[in-house]
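Everything on this sheet refers to the single structure shown next.
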Amino acid sequence: MSSAAVASPSGSVQPSAVARTVVHKFGGTSVADAERYRHVAQLLLARDEDIQVTVVSAMKGVTDALIGLAQAAAAPQGADVPQWEDAWHDLRARHRSAAVALLAEHAGEAVEWIDQRFDELAQVLGAVAVLGSLPEEVLQRVQGLGEVYSAQLLGLHLGALGEDCAVLDARDVLVVTHGDLGVDVDWARSAERLAQWRQANPQKRVVATGFVARDANGRITTLGRNGSDFSGAIFAALFEADELHIWTDVDGVLSADPRVVPEAVQLESLSYDEACELAYFGAKVVHPQTMYPAIERGLPIVIRNTFQPGHPGTRISAGRDPSRPVKGLTLSPNLAMVNLEGTGLIGVPGTAERVFAALRNARVSVVMISQGSSEHSICCVVRQDDAERAQAALLNAFAHELAVGQVQRVQHVPGISVLAAVGDGMAGQPGIAARLFGALGRAQVNIRAIAQGSSERNISVAIDSDQATRALRAAHAGFWLSPQTFAVGVIGPGNVGGALLDQLMSARGKLLERARLDLRLRAIASRSRQLLDPRGIEGDWHQAYAAAREPLDLDRFTAHLLDSHLPHMVIVDCSGSPQVADRYAQWLAAGIHVVTPNKQAGSGPLQRWREIRAAAQGSGARFRYEATVGAGLPVISTLRDLLDTGDKVTSIEGIFSGTLAWLFNRFDGSVPFSELVAEARSLGYTEPDPRDDLSGTDVGRKLVILAREAGCELSIEDVQVESLVPAALRESSVDDFMARLREVDDGFAERLGQAKANGNVLRYVARLDAQGKASVGLVEVPRDHAFANLRLTDNIVQFTTRRYCENPLVVQGPGAGPEVTAAGVFADLLRVAAGRGARL
Ligand code: ADP
Ligand code: ASP
Ligand code: MG
């Protein structure tokens, strides 16, 4: 490295007054068309560097197009027109028009040059067509031409702007060989050729081709797909540059591929080791070999955004920043697993060596290996394209062991991806693997094999490719690289459901900001229709839902949530429907959490209840229903806490109906009972048919839910329910019932009179005793009893337990109304999120 830079105490390289050489590399994304070349030229001219070397890729998509041309030429030809000709014309037209747009009156020379190059290309393609096959050498020659065209265009443009600039064709100087571990640069020969070239071309600005080179035999070759980054590093070394800037279309290296994890965050700095691991395991933003020339020379690499030149980008250098244990996550797709299994492998030395030798001889490169300490099996992850060859090689190498039964099988599992977590700070830090596996486990991702390098800079897991997106997002959220994300589906946007949606939408921003919890509303369904939104409903949900036309289909609703590939999924059922409750077990088994104020599951058939509990237990998904009893009051969670801490419940008693509470709080004899019912109805305190409240069934159901929670598997039939609706009024219409309600007044007045005479009041109370006897009905309680002193529609629940035996534990407060019920549901949802790692 030249002495043109001074290292600051923090290790970063600062510009200095001494001669500076900077190499810039622009990827295909930065040079897609004439406009972009112009932008790149302005960016370069604005920089004050003594020597400025610019390495360019082909225009976006051109390398793919050239490979396509070569393959089309080699394919069996149709009747008269060679199949590659149209595409060849298109590609020439694209370059011609870029030249014209870029160079205007100076374009003549450029277009002529382009035409000559394309004529040469046509000759090569013609020869390939005659041959009917595509020799590797020809493919290498053709696929690198885009860089040659691109460098020429930029060079001519800078020249037209009055800059003295030399165009360097890397095929004239770079000499490389292809080895097992990738491309090796012949530094001595390359340096010598560059020195010669420099003698004839001493300009301050140089534009060079990326990607292309020549091999030791003088044949044209390339550095592998995405290889222009590597070219940049090679030229940085050859020019003894002070820095290498790799310009692309993102703000630098991000914590994960932004196309898979939209919330990926930009990384300010990375060590060379971290960058190598990320690149090797699939972070496409930089070619894996780019770092090697830089490491030896301590050359800093800055990855930055052509479209945001002011952004500092990501600095890759020798410095380490262990502040975050995991810097980034990558995904390598299109892999397969090959497993060698056999009891005869246990304790036999040299088995692994034989596996690798066999794979090496078959020219299969191994992406990841894992062997359990029992040595019963060895698992290799290889590229999908190599998998059959790998399997055949192992079958062959272990033919004897297979024949005598020492090896049971050599299995090939396609459709594998490897997810890798990378960071220097992982070394020596306990708990990192647990965090990764925890995040994957909670997202229902099945891990097939695990490997950790002894450098502890990388943990890799092999997973099924169809779970890869979800896995990456979950792991990313698990390491706090992005918020915990939940796909939320709401069923029943009525009173409670609607209030919940309002609360959810207004709390979302704050939850995201403060707790980094991202609740994405992806679906709303009612009895008749549903809205499935692929991006997540934003803004006014009423409006979005009003436009929904799709008929309700719970299968599609479910598939839509599962398809989100978000780490977590939750369905909030505010419907009250038994058919929806029938789905819970299936949802829970699929890893979808269920949160509900619907009493159907908790108090319905025991068989369904057991299936739901078993499904939740099996998958680890949560089933929460706090709002089924006492609306938003913490009734069930209080009971759970008592039980979980080892307490024993001896009885549960309370007033579970806001409507009945209100009626008997008011019923003092001054107004007939029937008038109170009519008033409650007009205030909206009762169900549309007040008999639903007065029958006591709803209270009975709540008691069943609490009893089951306490471990006593009751059904509604086991509860003795006193209905306040006389038999004669049970069958009539609502209007008829209301009209005849006066018939009950005498009876109620009489019971009240008796109670008063005893110094008591009337209350509609639910009771479960230690023997499991359950009843709900109208009872007398003393005036100073807790149940006698409730306000309005308050609910109250008393738990008498081993610990709270003299004085019961009481939960009391407003126990009805859409707002508070929805808040109870929301609180459940947040508890599920907290259980999945959200920091609330
Ligand atoms: P160029 O043409 O500039 O070389 P590439 O397409 O080769 O651009 O690489 C840049 C792209 O890499 C980005 O647009 C981004 O989609 C993708 N990418 C994948 N993983 C990452 C990552 N971890 N950080 C940043 N970008 C990534
Ligand atoms: N143009 C080449 C490719 O598409 C090299 C590069 O862009 O880095 O792979
Ligand atoms: Mg690239």
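Just so you know, ligand 1 is whichever comes first in the structure, and atom 1 is the first atom listed for that ligand.
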Close approach, Ser57 and ligand 1, non-hydrogen under 4.0 angstrom:
no
If the cut-off is 4.0 Å to any non-hydrogen atom of Arg225, which atoms of ligand 2 fall inside it?
3 (C), 4 (O), 9 (O)
Does the plane of the ring in Trp247 sit parallel, tilted or perpendicular to the ring in Phe26? Use 30° and 60° as the thresholds.
parallel
Classify the ring geometry between Phe307 and His39 as parallel (under 30°), tilted (30 to 60°) or perpendicular (over 60°).
parallel
Give the contacting part of Ala256 toward ligand 1: side chain, backbone, both or neither, where contact means a heavy-atom distance below 4.0 Å.
backbone
Tell me which part of Asn226 gets within contact of ligand 2: side chain, backbone, both or neither, using heavy atoms under 4.0 Å.
both
Judged by non-hydrogen atoms, does Gly27 sit under 4.0 Å from ligand 2?
no
Could you measure the distance from the CZ atom of Arg92 to the CZ atom of Arg117? Nearest 0.5 Å is fine.
13.5 Å
Of the backbone and side-chain N, O or S atoms of Asn226, does one lie nearer to the Mg ion (ligand 3) than 2.8 Å?
yes
Name the orientation class of the two ring planes belonging to Trp84 and Trp88 (parallel below 30°, tilted from 30 to 60°, perpendicular beyond 60°).
perpendicular
Atoms in ligand 2 with a heavy atom of Glu147 nearer than 4.0 Å:
1 (N), 2 (C), 5 (C)
Is the closest heavy atom of Gly328 to ligand 1 under 4.0 Å?
no
At under 4.0 Å between heavy atoms, what of Leu278 touches ligand 1? The answer is neither
With heavy-atom distances below 4.0 Å as the criterion, list the atoms of ligand 2 near Ser57.
6 (C), 7 (O), 8 (O)
Does one side chain, of Tyr280 or Thr330, offer a donor that lies under 3.5 Å from an acceptor on the other?
no
Going by the atom numbers of ligand 2, which of them fall below 4.0 Å from some non-hydrogen atom of Thr63?
1 (N), 2 (C), 3 (C), 4 (O)
Are Val62 and Arg94 packed together at the side-chain level, in the sense that at least one heavy-atom pair is separated by less than 4.5 angstrom?
yes
